Amino acid sequence: MLEKYDFQAIETKWQAKWEADSRFRTPDDFEKEKYYLLEMFPYPSGKLHMGHVRNYSIGDVLDRFLKMQGFNVLHPMGWDAFGLPAENAAIKNAIRPDVWTRQNIKEMRSQLQRLGFTYDWDREVATCHPEYYKWMQWIFIQFHKKGLAYKKKNPVNWCPDCETVLANEQVVDGCCERCGTQVGKRDLEQWYLKITDYADRLLENLDKLDGWPQKVRTMQKNWIGKSTGAEADFAVENFDKVLRIFTTRPDTLYGVTYMVLAPEHPYVSELVQGTEYEKPVNEFLEKLQYLSDIDRNATTLEKEGLFIGRYCINPLNEKKVPIYIANYVLMDYGTGAIMAVPAHDTRDFEFARKYGLEVIPVVDPHNPDIDLYDLKEAFVAEGTMIHSGEFNGLNNTEAMVKITEHLEREKIGVRSVNFRLRDWLISRQRYWGAPIPMIHCEEHGWVPEKEENLPVRLPEDVAFTGTGASPLAENEAFVNTTCPICGKPAKREVDTMDTFLDSSWYFLRYCDPRNQNRVFDKEKADYWMAVDQYIGGVEHAILHLLYARFFTMVLHDIGLVSTEEPFSNLLTQGMVLKDGKKMSKSLGNVVSPEEIISKFGADTARLFILFASPPEKELEWSEKGVEGSFRFLNRVWRLVAEMFPVIQGAADSYDAVSDADKNLSYILNSTIKKVHSDVREKFNFNTAISSIMELVNALYKYKDGQENLNVGLLKHAMNSLVLVLSPFTPHICEELWEGLGHTETLYGAPWPAVNDASLVQESIEIVVQINGKVREKLIVDTDLTEAALTEVAMADQKIQKIIAEKEIVKIIAVPNKLVNIVVKG
RNA sequence: GCGGGCGUGGCGGAAUUGGCAGACGCGCUGGAUUUAGGAUCCAGUGGGCAACCCCCGUGAAGGUUCAAGUCCUUUCGUCCGCACCA
């Protein structure tokens, strides 16, 4: 064994050995109990950052730990390799995106290996690889067959900087999620996936995902945004069409005092044509066009509207109400038209106030503090129906049902459900993505490429000018093809897929990554799926996780896999901060993993990251903290090295003779137990590590404080220490394990057994309180009864002194914990 | 505005779920050893007090309880998500 803790030599040695022995390959052993452990795969941007190191260190501890528990663990890694940065690099540095990406993958793969992670590299996938995107295209065609992929012309979010469209989900505060540029609108014909068909299931299943953080479930729930209500038809005076509105409050129909259309509503121009209102309406529309989405959607935006000179008739009470257009009504939700009930809707109330519109209360709160006829704000809570004809006196929630039924009976409305979730726009006007495998034929329209012709390969000779349109459109050899149906000349789709499609099923491909004939084998997928533990950043709470759920459901429905939900348990790890801020180049506070590894080693880097904070919390990077972790590993190293000659040849078994033996044995066994439960049940790696530190402290104390060392106990303690520490810092532990005389590698060695007998203590310290304040601590026999405990406590001199002259009101005794004496006077 | 989380020493963070607040680590103070040390070891380290076996202390205020960091009510601060979704 080496004299000094030479982490560099040790880490290189064991990484090479693991690799040479193929230690991390996972067989499809259907007989064994499986555990599918997955961390979100990275985009190969060039180098790993600390967030990656944290994410993958968490996963690696679990892998190593679970292997020790005997599970067949699938722990794969791959690359989310399509995407814009590669293309930008192509434009900027005149390097091909595939070359750039491959270089980055190579670099990052070697960084991952330098951290000692247990990935099964035989299962590596890269989404930009034709073997992968072939099946991506195949899946797209299956979606198309099921009617879940369609093309539609629509105003779409357009990022002028990235020069591509964005899904609604990729627009953050009206800006491009990636580059922050303000997003505009463009009318384009684009491919969509019908995720809205699955809205209800995506929502309902959330309740079953109890292994997910509540926060993520809530975010998805809000994103899907289901609201139940009714649609109702309002006739328009002197107009042949009816206006259909959507409301979640059909109970307030009698309180309607005006109507509001989205300015883009298709009826608006007809309604004002040739009237004095035409001009102001057009001006209003024009003004609105100049408003970006960001302003248009802000709640702070002053509500503005315009009467358009027309009236419509409330179908329930025949009341004639004016029609407005206003900036707060959106065309792309509901029907683009609302009935306004200012008494019971805050937005309508605000608008009515501004334009002096009538307010009619129809729900009575029975609250003396609220003057229904001089409302200060809209009343939106429950109450009793008033001014509502035959519905008067009902509770308003009952009235909702009754009025909806009435609408349906009279054929003037229907029960209706609306979702905020929109269909997923997946076309991207970019090069570096999977080509959408569709062909346009003059005669047959859009036709999928024949499956036997997949993949539709990305051509390599493409010019990147950086100007708007899809680069593939310039490549005639790519564009010109023949119709799969009639064989006549036809043109390929030149847009590529949103990269979120690639990452929506990669976890399924890992189950059978080299399959040439099928997307994946069902038996293998059924064995491995669902992912037992998924780990990644919370920034993917909505997009990626929702899309992946959607894909898995569709693939389930097609019969490709039995699982409907892909991820049973989800852990969202916190960010890595420096000086309280997110590490970023612009702030200049980035700590590079490489630097830490070369200075302290991978084990220290992993240990610090796991020790400094629980995984789901933010982690504050601390150079001093890293040094502390390094110090601890050195302390372990010296301890084992010093004990090695002492315990050499001893058996790994012992009788605890002295009190010190018993004490050490107790600490040892409770540490093994605690590390197990901290890791397995709670992912509390920080407390697991701190208890190992306590064990090391106890071992130092034991060895320095004893005349007669119990060598069997020490041998067992050293072996156990190395075992329980190994998931966190595998390299040093392998080296120590070897030094302790083991010939098999530590990876996959069984977890040490807990000796329950050692955990039973003869005596225990209890606390004696007077009126809830600790006054004395006593060592007593374990498991004393309440009566016996009380007796011991009362007999104590100090306690006697304090309670003398006082009246004892009550005594509470909790075995093995405390006695509380309540006194008066 | 709505929804969710979080407030504990100088710092990162513990506390078997109502039972000794501050584990473990960082930092700091003193000492030992060393030619030297940013190495190692020992002791101390929430505040107050000359001192204690005393008093105070988990953002603030109130409550429940023999007992509250933990439960309830109110409130302040902070972070995150959604944000005119009818």
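Each chain gets a letter, A, B and so on, in the order its sequence line appears, and its residues count up from 1. Predicted model, so just to flag it, every value in this text is computed and none were measured.
Pairing of B:C54, defined by two Watson-Crick or G-U wobble distances under 3.5 Å, is identified with B:G48. Across all strands shown, the partner of B:G3 is B:C80, judged by Watson-Crick or G-U wobble contacts whose two distances both fall under 3.5 Å. In this structure B:A68 sits in no base pair that meets the Watson-Crick or G-U test at under 3.5 Å. Pair check for B:G30 finds B:C42; Watson-Crick or G-U wobble, both atom distances under 3.5 Å. Using N1 to N3 plus N6-O4 or O6-N4 for Watson-Crick, or N1-O2 and O6-N3 for G-U wobble, each under 3.5 Å, B:A15 pairs with nothing.
If you take atom P in B:U74 and the same atom in B:G3, they sit 13 Å apart, rounded to whole Å. As rounded to the nearest Å, B:C41 and B:G25 have P atoms that lie 11 Å from one another. B:U35 and B:C24 have their P atoms separated by 33 Å, with the value rounded to a whole Å. Comparing the C1' positions of B:C55 and B:G62 gives an interatomic distance of 23 Å, to the nearest angstrom. Between B:G5 and B:A51, the distance separating the two P atoms is 45 Å to the nearest Å. For the P atoms, the distance from B:A23 to B:G12 is 15 Å, rounded to whole Å. Remark: the separation of the P atoms in B:U45 and B:C82 is 47 Å, to the nearest Å. Distance check on atom P: B:U64 versus B:C49 gives 34 Å, rounded to whole Å.
Taking only side-chain nitrogens and oxygens, A:T346 never comes nearer than 4.0 Å to OP1 or OP2 of B:G1. Within the structure, every side-chain polar atom (N or O) of A:R631 is placed at least 4.0 Å from both OP1 and OP2 of B:C41. For B:A39, neither phosphate oxygen OP1 nor OP2 lies less than 4.0 angstrom from any side-chain nitrogen or oxygen of A:R635. Between A:K773 and B:C56 there is a side-chain polar atom (N or O) within less than 4.0 angstrom of OP1 or OP2.
In this structure, CG of A:L543 is placed 12 Å from P of B:G81, rounded to the nearest angstrom. The NZ atom of A:K581 sits 13 Å away from the P atom of B:C79 (whole-angstrom rounding). One interatomic measurement links the two molecules: CD1 of A:I812 to P of B:C66, which rounds to 7 Å at whole-angstrom precision. The separation between A:N684 atom CG and B:A14 atom P is 7 Å, rounded to whole Å. For the pair A:E765 CD and B:U16 P, the computed distance is 18 Å after rounding to whole Å.
The main-chain N or O of A:I779 is never found under 3.5 Å from a side-chain atom of A:S763 such that the two would form a donor-acceptor pair.
For B:U17, the base is syn relative to its sugar; the glycosidic angle is within 90° of 0. A syn orientation is assigned to B:G9, its glycosidic angle lying within 90° of 0.
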Let's go through A:T604 and A:Y5 carefully: what are the C-alpha distance in whole Å and the side-chain angles of both, what is the deciding distance for side-chain hydrogen bond (donor to acceptor under 3.5 Å, both in side chains) to 0.1 Å, and is it a yes or a no? CA-CA 12 Å; A:T604 295; A:Y5 171 40; 4.5 Å; no

Tell me, with the steps shown, if A:F351 and A:Y324 meet ring pair (Phe, Tyr, Trp, His ring centres under 6.0 Å). CA-CA 11 Å; A:F351 190 80; A:Y324 280 72; 5.6 Å; yes

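A:F632 has its ring centre no less than 6.0 Å from the ring centre of A:F611.
Here A:N686 lies in heavy-atom contact (under 4.0 Å) with sugar-phosphate atoms only. Residue A:S622 is out of contact with every strand shown, counting any heavy-atom pair closer than 4.0 Å. Using a 4.0 Å heavy-atom criterion, one finds that A:V822 contacts the sugar-phosphate atoms exclusively. Within 4.0 Å (heavy atoms only), A:G225 reaches no atom of the nucleic acid at all. Note on A:E776: nothing from the nucleic acid sits closer than 4.0 angstrom, heavy atoms only. A:R217 comes within 4.0 angstrom of nothing in the nucleic acid, heavy atoms only. Using a 4.0 Å heavy-atom distance criterion, A:Q214 is classed as making no nucleic acid contact.
Residue whose closest nucleotide on RNA chain B sits further toward the 5' end, between A:D348 and A:L619: A:L619. The 5' end of RNA chain B is approached more closely, in terms of each residue's nearest nucleotide, by A:E620 than by the other of A:E620 and A:E694.
Put simply, the side chain of A:I195 reaches to within 4.5 Å of the side chain of A:L202, judged on heavy atoms. Looking only at side-chain heavy atoms (C-beta outward), A:L203 and A:K221 come within less than 4.5 Å of each other.
In terms of polar N and O atoms assigned as donor or acceptor, the side chain of A:K777 comes within less than 3.5 Å of the base of B:C20 in a complementary pairing. A donor-acceptor contact under 3.5 Å is formed by the side chain of A:N820 with the base of B:C66.
When the options A:F728, A:W621, A:F630 are evaluated for a ring-ring contact (aromatic ring centres under 6.0 Å, His included) with A:F608, the one that passes is A:W621.
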